[in-house]
Amino acid sequence: MSLRRALGLDTRPERYAYAVDPTIGYTARRKIPDRWVRTTCGYCSVGCGMFVGVKEGRAVSVRGDLDHPVNAGMLCPKGLSEHETIHAANRARFPLLRGRDGLERVSWDDAIGTMVRKFREVQASYGPQTVGVISTGQLVTEEFYTLGKLVQLGLGTPNYDGNTTLCMSAAVAGYKRSFGSDGPPGAYDDLERADVIFLIGANIADNHPILWQRLEANPGKTLIVADPRVTKTAMLADLHLPVKPRSDLAMINGLIHIVIARELIDREYIAAHTTGFDALRESVREYTPERVAEITGLSVENLHRTAWLYGNARAAFIGWTMGVNHSTKGTETVNAINNLALITGNIGRSGAAPFSITGQCNAMGTREAGFTSSLPGYRHFASAEDREDLAALWNVPVEQIPTARGLPYPDIIEAILDRRIRALWIIATNPIVSFPNLGVLRQALETVDFLVVQDGFHPTPTSTLAHLVLPAAIWGEKEGTYTNSERRISKVNRAVEPPGEARTDFDIFLDVAAALGCRERLFPGWTTPEDAFEEWKRVSAGRLCDYSGMTYDAIEALGGIQWPYPAGHADAAETRRLYTDGRFQTEDGKARLLPVTWEPFPEQPTSAFPFVLNTGRTVEHWQTRTKTGQVPILDRLSPNAWLEINPRDARTLRLKPFDRVDVVSQRGRIRNLELRMTETVATGQVFVPFHWANANANQVTQSAFDPISREPNYKQCAVRVERTQRGTV
Ligand SMILES: Nc1nc2c(c(=O)[nH]1)N[C@H]1C(S)=C(S)[C@@H](COP(=O)(O)OP(=O)(O)OC[C@H]3O[C@@H](n4cnc5c(=O)[nH]c(N)nc54)[C@H](O)[C@@H]3O)O[C@H]1N2
Ligand SMILES: Nc1nc2c(c(=O)[nH]1)N[C@H]1C(S)=C(S)[C@@H](COP(=O)(O)OP(=O)(O)OC[C@H]3O[C@@H](n4cnc5c(=O)[nH]c(N)nc54)[C@H](O)[C@@H]3O)O[C@H]1N2
Ligand code: SF4
Ligand SMILES: [Mo]
């Protein structure tokens with residue numbers, strides 16, 4: 001049965017008809033394209049297939065790809081209006097260099113020449129590691145692969161990381177610790193096949209809307225949602241668990257306690273495929289339902305009910321996102337989730353997976369190929385064998401391959417403040433809005449000797465601080481591949497030319513390589529992203545994320561291919577799931593059960609700062625709004641930032657709906673938010689979306705990071721709410 005039929009969508013052939021009705025008006029006619037270019041959505045990690053409609057060189061519309069295995073033609077509001085981002089008025093068009101009168105237009109030769117000269121001067125004076133690079137999850141994999149090689153082997157600095165550390169590093173570290181490798185083990189059709197789906201800190205109705213559609217199409221499921229807020233996702237659940245902030249680890253340990261006590265575990269699977277069960281059992285002994293109820297605020301009855309549902313499921317799926325990762329206990333919470341899935345045998349089977357739903361369109365690509373948290377192909381920095389393997393593939397001396405990762409993102413920022421890093425290259429991320437505890441970040445970006453910002457838009461809050469702005473082509477203007485959350489590689493194609501003199505990130509990287517004098521050494525003969533893809537195929541061969549059997553044509557023809565897909569892959573059948581044979585990427589092939597301990601979150605509320613602030617997203621906007629802020633329909637749907645507060649708390653503060661309020665923490669103040677009184681947040685908690693630069697949630701968030709993954713604790717800090725004083729905004 002086709003995915004469209006399974007989802008109950010229209011399958012009649014006339015759905016393909018796009019006849020032009022002669023009676024329609026001029027405005028509608030303007031949107032009828034001359035041609036449709038097949039591509040993949042450039043927003044979130046669901047990875048929907050779509051077509052961009054082009055008329056006279058302009059992107060005028062989009063439509064979903066009916067045959068795509070991810071979305072079967074459906075798109076969410078952001079995808080449906082994505083063409084409008086391309087022609088936004090504030091696209092970056094020309095390289096700009098800071099002169100006496102601010103940022104001034106320069107030629108590309110001047111721009112790249114200056115950048116390379118400045119970086120080399122800094123390195124000559126203070127050491128090669130004093131240049132830092134921060135990238136993203138929103139380039140194509142070919143660009144990530146090129147950038148990683150360029151930074152590590154060309155520029156010669158290890159201090160390279162991405163905004164993915166603000167996002168999924170806890171999932172990456174958690175997978176590595178439990179299974180010996182990164183890589184989400186499941187597939188989207190698990191959402192249609194599982195009989196129990198447990199979403200933890202994942203609001204997919206807002207943030208992965210097409211996954212929500214797929215989940216809804218599963219008639220036999222029981223959906224459990226753990227979220228302190230009654231999100232849209234929670235409203236549609238069979239059982240909502242309104243956990244106290246950051247008590248998930250205790251909740252999961254408590255569930256493990258119950259499933260062990262009730263013998264709802266898979267002893268055969270545990271014996272054959274895991275190590276550490278006895279220590280795990282000991283470690284959860286103290287997580288009795290009564291104690292866990294106290295920590296989590298859930299009833300003992302609901303803990304038993306959840307354990308019973310999960311433990312008795314034929315196939316149980318756990319999906320999690322930022323409610324888990326955005327925490328100083330993020331990695332260990334991921335390990336707890338993996339523990340629960342392993343001891344019940346809910347991995348490597350249809351419908352059963354502990355599944356980290358990723359965020360950005362190609363956050364997966366940088367994990368696989370990017371050279372930040374791992375060597376390309378999930379190779380380990382610490383492994384001599386992996387380093388030799390890579391050196392041989394690249395024909396370079398093994399001494400050139402780094403033996404350890406450089407500083408993670410937050411540590412790069414700290415290193416700038418104490419002058420261990422002097423120059424910074426920021427690519428496709430907007431930290432002035434997205435990094436926690438803005439004050440510290442701003443100080444760092446103002447301290448750095450030379451700041452390069454490479455972005456598709458200008459001005460952005462970050463690009464205005466730059467010494468050099470490099471204008472980049474964005475989605476719709478470039479070619480390559482994205483990997484979505486289910487390890488599916490989809491093709492991204494150029495529909496239109498970039499504006500002004502903007503270049504693709506791929507071309508910019510090759511230009512920088514040429515100026516550094518390493519282009520031929522590192523990228524011999526390369527001119528197109530496909531050249532990078534061909535080399536990356538060889539580098540990934542034999543690894544878990546094996547691309548070697550793919551070609552651009554095959555990816556197009558199949559609407560995406562899941563890795564691993566080794567050369568000679570028999571019948572073009574994809575590998576839907578990892579670890580189906582119960583063999584993991586550890587030395588003994590067994591998954592590790594890891595005891596982990598709950599702790600309260602940093603910065604508990606006090607009488608001066610009595611509320612716990614939670615931050616997150618809404619369906620209409622994308623991240624720091626550089627893209628969606630330019631799309632009229634999305635901006636009209638959701639024009640301003642707001643604060644959600646429980647009516648009881650609002651009454652205590654004598655506040656009414658739509659009052660203007662400030663949120664204040666020890667570190668700063670968010671001004672002039674619209675007050676929304678709603679029972680969807682519990683008393684003692686408040687929620688602010690993080691999308692708006694002019695009412696930036698990160699003015700108040702804290703510099704607290706997971707010691708293992710370095711992921712920020714974005715989801716809790718102590719604040720108070722005050723009425724906005726007139727004249728202060
Ligand atoms: N519309 C839209 N979609 C997006 C994005 C976007 O900006 N806009 N961004 C993309 C990216 S990069 C990402 S990473 C994903 C993020 O996707 P999500 O993780 O779904 O997004 P968030 O809203 O940040 O957080 C999810 C939920 O975690 C809950 N939460 C907070 N604290 C806790 C806690 O202690 N325990 C539990 N269990 N839950 C908690 C919040 O209440 C929130 O509902 O979305 C992707 N999709
Ligand atoms: N308080 C709080 N803060 C958060 C979060 C939260 O939940 N709460 N979530 C965190 C998470 S999960 C994430 S992922 C981060 C995201 O934070 P950011 O990465 O800062 O957010 P984006 O708006 O996606 O920034 C991407 C930038 O890249 C540019 N761009 C887009 N496409 C291209 C391209 O092809 N080439 C180039 N060169 N530029 C391009 C865009 O214009 C934009 O400026 O925010 C984090 N910050
Ligand atoms: S669900 Fe994600 S990938 Fe699909 S259309 Fe929406 S933003 Fe794009
Ligand atoms: Mo993210």
Side-chain angles (χ1 to χ4, degrees), residues 40-50 62 64-65 68 70-71 73-82 136-138 162-169 171 198-214 225-234 241-249 251-252 296 319-327 329-330 333 337 356-363 429 434 475 482 484-485 490 601 612-625 627-628 634 638 644 680-682 685 687 689-691 697 711 713-716:
T40 308
C41 179
Y43 283 115
C44 90
S45 59
V46 174
C48 295
M50 54 156 67
V62 300
D65 181 348
H68 199 273
V70 166
N71 57 315
M74 296 179 288
L75 295 174
C76 82
K78 291 183 303 303
L80 277 169
S81 52
E82 193 163 9
T136 182
Q138 297 175 54
N163 66 1
T164 41
T165 292
L166 312 183
C167 180
M168 304 178 313
S169 56
F198 190 6
L199 296 178
I200 309 178
N203 178 15
I204 65 172
D206 269 304
N207 302 324
H208 300 90
I210 301 305
L211 288 190
W212 173 259
Q213 300 292 327
R214 294 191 59 167
V225 173
D227 196 306
R229 287 192 305 148
V230 193
T231 58
K232 289 175 203 161
T233 312
L241 302 174
V243 278
K244 283 190 196 164
R246 241 285 292 277
S247 63
D248 307 76
L249 202 164
M251 172 184 74
I252 298 157
T296 59
W320 79 88
T321 320
M322 294 307 133
V324 168
N325 292 349
H326 278 166
S327 150
K329 278 281 184 182
T333 310
I337 290 171
S356 148
I357 307 170
T358 60
Q360 303 166 80
C361 53
N362 199 25
T429 182
S434 56
W475 172 90
Y482 293 154
N484 74 0
S485 294
S490 288
F601 58 84
V612 182
L613 173 70
N614 175 4
T615 62
R617 300 165 158 76
T618 183
V619 67
E620 298 86 2
H621 284 294
W622 177 251
Q623 317 265 59
T624 71
R625 279 175 84 252
K627 288 174 81 176
T628 49
L634 299 176
S638 181
E644 287 170 17
T680 59
V681 290
Q685 299 176 28
F687 175 84
F690 91 101
H691 304 294
E711 177 133 356
N713 200 95
Y714 281 120
K715 294 283 188 263
Q716 302 89 26

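What you are looking at is a predicted structure, and each value in this text was computed from that prediction instead of being measured. Ligands are counted one by one from 1 in listed order, and the atoms in each one are counted from 1 as well.
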Rounded to the nearest 0.5 Å, what separation is found between the CH2 atom of Trp622 and the CG atom of Asn207? 9.0 Å
Quick test: of every protein heavy atom, which one is nearest to atom 2 (C) of ligand 1, and how far off is it to 0.1 Å? His621 O, 3.3 Å
Taking the side chain as every heavy atom from C-beta outward, state whether Trp320 and Ser356 have any atom pair closer than 4.5 Å. yes
Starting from atom 29 (C) of ligand 1, what is the nearest protein heavy atom, named by residue and atom, and what distance separates them? Asp227 OD2, 3.2 Å
If the cut-off is 4.0 Å to any non-hydrogen atom of Pro245, which atoms of ligand 1 fall inside it? 35 (O)
State the atoms of ligand 1, each with its element, that fall below the 4.0 Å cut-off from a heavy-atom position in Gln716. 32 (N), 35 (O)
Under 4.0 Å to a heavy atom of Cys167 - the qualifying atoms of ligand 1, by number: 14 (S)
Close side-chain approach of Thr164 and Gln360, heavy atoms under 4.5 Å: yes
On a heavy-atom basis, I'd like to know which of Lys244, Gln138, Arg617, Met168 is closest to atom 5 (C) of ligand 1. Arg617
Quick note on ligand 1: atoms under 4.0 Å from a heavy atom of Thr618 include exactly 1 (N), 2 (C), 8 (N)
Protein residue, atom and distance nearest to atom 35 (O) of ligand 1, heavy-atom basis: Arg246 N, 2.5 Å
Flag the pair Leu241 / Phe198 as yes when at least one side-chain heavy-atom distance between them is below 4.5 Å, and no otherwise. yes
Evaluate Thr296 against Ser247 for side-chain hydrogen bond (donor to acceptor under 3.5 Å, both in side chains), listing each step before the verdict. CA-CA 5 Å; Thr296 59; Ser247 63; 5.1 Å; no
Any nitrogen or oxygen of Thr615, main chain or side chain, under 3.5 Å from a nitrogen or oxygen of ligand 1? no
Starting from atom 47 (N) of ligand 1, find the nearest protein heavy-atom neighbour and note its residue, name and distance. Asn207 O, 2.8 Å
With the side chain counted from C-beta on, respond yes when Leu75 and Glu82 share a heavy-atom pair under 4.5 Å apart, and no when they do not. no
Is there at least one pair of N or O atoms, one from Val619 and one from ligand 1, spaced under 3.5 Å apart? yes
Restricting to non-hydrogen atoms, name the atom on Lys627 and the atom on Gly42 that form the minimum distance, rounded to 0.1 Å. NZ-O, 3.5 Å
How long is the gap from OH on Tyr482 to CG on Asn362, to the nearest 0.5 Å? 7.0 Å
For Gly47, the ligand 3 atoms with a heavy-atom partner under 4.0 Å come out as 3 (S)
Looking only at distance, does Ser247 have an N or O less than 3.5 Å from an N or O of ligand 1? no
State, to 0.1 Å, how close His691 and His621 come at their nearest heavy-atom pair, and which atoms those are. CE1-O, 3.5 Å
Only heavy atoms of Asp206, strictly under 4.0 Å: list the atoms of ligand 1 that pass. 1 (N)
When you look for heavy atoms under 4.0 Å from ligand 1, do you find them on the side chain of Ile204, its backbone, both, or neither? neither
Indicate yes or no: does an N/O atom of His326 lie under 3.5 Å from an N/O atom of ligand 1? no
Output the list of atoms in ligand 1 that are nearer than 4.0 Å to some heavy atom of Gln360, sorted by atom number. 12 (S)
Mind listing the closest non-hydrogen atom pair of Arg617 and Phe687 along with its distance? N-CZ, 3.9 Å
Measuring from atom 6 (Fe) of ligand 3, count protein N/O/S atoms under 2.8 Å, please. 1
Can you check whether Arg246 reaches Val612 side chain to side chain, under 4.5 Å on heavy atoms? no
Output yes when the distance from some N or O of ligand 1 to some N or O of Val243 is under 3.5 Å, and no in every other case. no
When the ring planes of His326 and Tyr714 are compared, do they come out parallel, tilted or perpendicular, using 30° and 60° as the limits? perpendicular
Do NZ/NE/NH1/NH2 and the carboxylate oxygens of Asp206 and Lys232 come within less than 4.0 Å? yes
Is there a polar contact between ligand 1 and Phe687, counting only N or O atoms under 3.5 Å apart? no
Is the shortest side-chain heavy-atom distance between His208 and Arg214 below 4.5 Å? no
Quick one: does Asp248 get an N or O within less than 3.5 Å of an N or O on ligand 1? yes
Atom 19 (O) of ligand 1 - nearest protein heavy atom and its distance: Met322 N, 2.8 Å
Does any non-hydrogen side-chain atom of Met322 lie less than 4.5 Å from one of Lys715? yes
To the nearest 0.5 Å, atom CG of Asn325 lies from atom CG of Asn713 at 11.5 Å
So for ligand 1, is Thr358 a polar contact partner (N or O within less than 3.5 Å, distance only)? no
Determine whether any heavy atom of Thr628 lies closer than 4.0 Å to an atom of ligand 1. no
Among all the protein's non-hydrogen atoms, which is closest to atom 26 (C) of ligand 1, and how far away is it? Gly201 O, 3.5 Å
Identify the protein heavy atom lying closest to atom 31 (C) of ligand 1, giving its residue, its atom name and the separation to 0.1 Å. Asn614 OD1, 3.3 Å
Nearest-0.5 Å distance, CG of residue Asp227 to OG1 of residue Thr233: 7.5 Å
Which pair of non-hydrogen atoms, one from Gly79 and one from Val62, has the smallest distance, and what is that distance? O-CG2, 3.2 Å
Report yes if some N/O of Glu620 lies less than 3.5 Å from some N/O of ligand 1; otherwise report no. no
Exercise: identify the closest heavy-atom pair between Asn484 and Ser45: CB-O, 3.0 Å
Scanning both residues in full, the closest heavy-atom pair of Pro209 with Val619 reads CG-CG2, 4.0 Å
Where is the nearest protein heavy atom to atom 13 (C) of ligand 1: which residue, which atom, and how far? Gly359 CA, 3.3 Å
Per-atom filter on ligand 1: closer than 4.0 angstrom to a heavy atom of Thr231 are 44 (O)
Within the 4.0 Å heavy-atom shell around Pro228, which atoms of ligand 1 are there? 30 (N), 32 (N), 33 (C), 34 (C), 36 (N), 37 (C), 39 (N), 40 (C)
Any side-chain donor-acceptor pair under 3.5 Å between Asn163 and Gln623? no
Does an N or O anywhere in Trp622 fall below 3.5 Å from an N or O of ligand 1? no
